[in-house]
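The structure appears right after this line, and notes come after that.
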Number of protein chains: 2
Amino acid sequence: MSGTRLDPIDRKILAELQADGRMTNVELARRVGISAPPCLRRVRTLEEAGYIKGYHADVDARELGFEVQVFAMVGLQSQAEADLVTFENRCRAWPLVRECHMLNGEVDFILKCVAPDLSTFQSFLTEDLLRAENVASVKTSLVIRGAKDDPGVPFEVLEERMMRTA
Amino acid sequence: MSGTRLDPIDRKILAELQADGRMTNVELARRVGISAPPCLRRVRTLEEAGYIKGYHADVDARELGFEVQVFAMVGLQSQAEADLVTFENRCRAWPLVRECHMLNGEVDFILKCVAPDLSTFQSFLTEDLLRAENVASVKTSLVIRGAKDDPGVPFEVLEERMMRTA
DNA sequence: CGTGAAACCGTCGCCCC
DNA sequence: GGGGCGACGGTTTCACG
């Protein structure tokens with residue numbers, strides 16, 4: 001199922017829906033050059049095959065009152081698989097942690113956090129994150145301003161690469 | 001317009017659309033407890049006021065062939081505003097760079113990058129990023145595995161905070 | 001993959017509170 | 001001001017060729 005290769009129309013569909021997830025199916029069909037029914041069938045197939053994981057409204061965090069965004073680099077004491085999983089599950093349970101990625105190099109995890117204000121984040125940092133077992137070190141960096149925040153993947157790069165390997 | 005406070009129904013709408021951006025308006029109206037027309041009016045207002053910046057399909061990067069994800073910490077030589085803006089604009093033009101945030105602390109920017117493979121990323125790193133003027137240092141960390149990647153903001157935290165300040 | 005038909009939905013005007 | 005009711009046009013989603 002995951003081995004199913006995509007044709008150019010499928011990739012165009014994904015690119016269009018990544019750019020505008022609420023596009024109507026008829027508009028999508030028009031843009032990719034087929035009629036509506038097969039277009040919808042393709043979308044359903046892409047969803048079921050996992051290429052499309054979901055659709056989300058992109059909300060303005062600052063306007064909603066989330067004025068603080070922080071990247072936290074976390075080092076653990078033990079990197080045993082069970083301990084890594086324990087920490088990951090803890091991150092999944094913390095609403096302020098939006099992303100958690102395991103890294104190579106000196107630091108073990110990078111966390112992207114959002115909070116309404118600094119004191120809310122400080123509380124989380126000192127009472128939850130730093131107090132969690134197995135956490136050895138945490139370095140935090142406040143986001144002064146966001147310069148770019150594009151969703152998803154650059155399909156342009158894929159197309160380029162398709163040509164090179166074709 | 002940005003001073004417009006949101007009532008509980010608006011926040012519920014935003015939370016629902018963040019969770020499922022393709023929800024039909026009638027379903028959305030049912031969930032927030034009003035009828036369809038006023039619900040649609042609210043959605044349009046939220047869009048125009050900038051609370052909703054867009055809708056995007058969440059595509060599976062790995063299944064699509066983007067197997068490399070990297071965080072890059074960038075230090076600049078000059079932090080003069082004009083030089084910061086120049087670097088930010090350069091990031092906006094690089095498709096492999098999906099996010100660019102200016103940070104406090106030792107490092108100036110954090111970049112989240114995606115690439116089809118390591119060699120594509122290495123080419124970008126050595127030929128574009130490291131060669132860009134004003135770039136003093138770049139530390140990269142490969143994402144070994146992703147543990148959490150939730151879109152948007154935690155509305156639960158907002159509701160909690162509303163109660164505290166009410 | 002395309003065509004046609006039926007059910008549903010987005011959208012508007014109007015009335016009500 | 002916002003919410004509900006009804007109707008039109010467009011869309012989704014079938015079955016079928």
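In the text below, chain A, chain B and the rest are named by the order of the sequence lines, each starting its count at 1.
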ask   = Is there a donor-acceptor contact under 3.5 Å linking the side chains of A:Asp117 and A:Thr120?
value = yes
ask   = Reckon A:Ser35 touches a base, only the sugar-phosphate, or nothing at all at heavy-atom distances under 4.0 Å?
value = base
message = So B:Arg41, base contact, sugar-phosphate only, or nothing? Heavy-atom distance under 4.0 Å.
response = base
query = So B:Phe87 and B:Phe109, would you call those rings parallel, tilted or perpendicular, with 30° and 60° as cut-offs?
reply = tilted
inquiry  = Any heavy-atom pair between the side chains of A:Lys112 and B:Ile110 that's under 4.5 Å?
reply    = no
Please state how far atom [atom1] in [X] lies from atom [atom2] in [N], giving the value in whole angstrom units.
{"X": "B:Arg22", "N": "C:dC9", "atom1": "CZ", "atom2": "C1'", "value": "13 Å"}
{"X": "A:Asn25", "N": "C:dC1", "atom1": "CG", "atom2": "C1'", "value": "14 Å"}
{"X": "B:Arg44", "N": "C:dG10", "atom1": "CZ", "atom2": "P", "value": "9 Å"}
{"X": "A:Ile34", "N": "C:dT3", "atom1": "CD1", "atom2": "P", "value": "12 Å"}
{"X": "A:Met23", "N": "C:dG10", "atom1": "CE", "atom2": "P", "value": "17 Å"}

query = Looking at B:Leu17 and A:Arg22, what are the two nearest heavy atoms and their distance?
reply = CD2-NH1, 4.0 Å
inquiry  = Please give me the minimum heavy-atom distance between B:Asn134 and B:Ser78, naming the atom from each residue.
reply    = OD1-N, 2.8 Å
task = Could you tell me whether A:Glu48 and A:Arg44 make a salt bridge, using a distance below 4.0 angstrom between a side-chain N and a carboxylate O?
result = no
note = Note: chain A reaches DNA chain D at heavy-atom distances under 4.0 Å over the stretch, first to last nt, 5' to 3', of D:dT11 to D:dC14
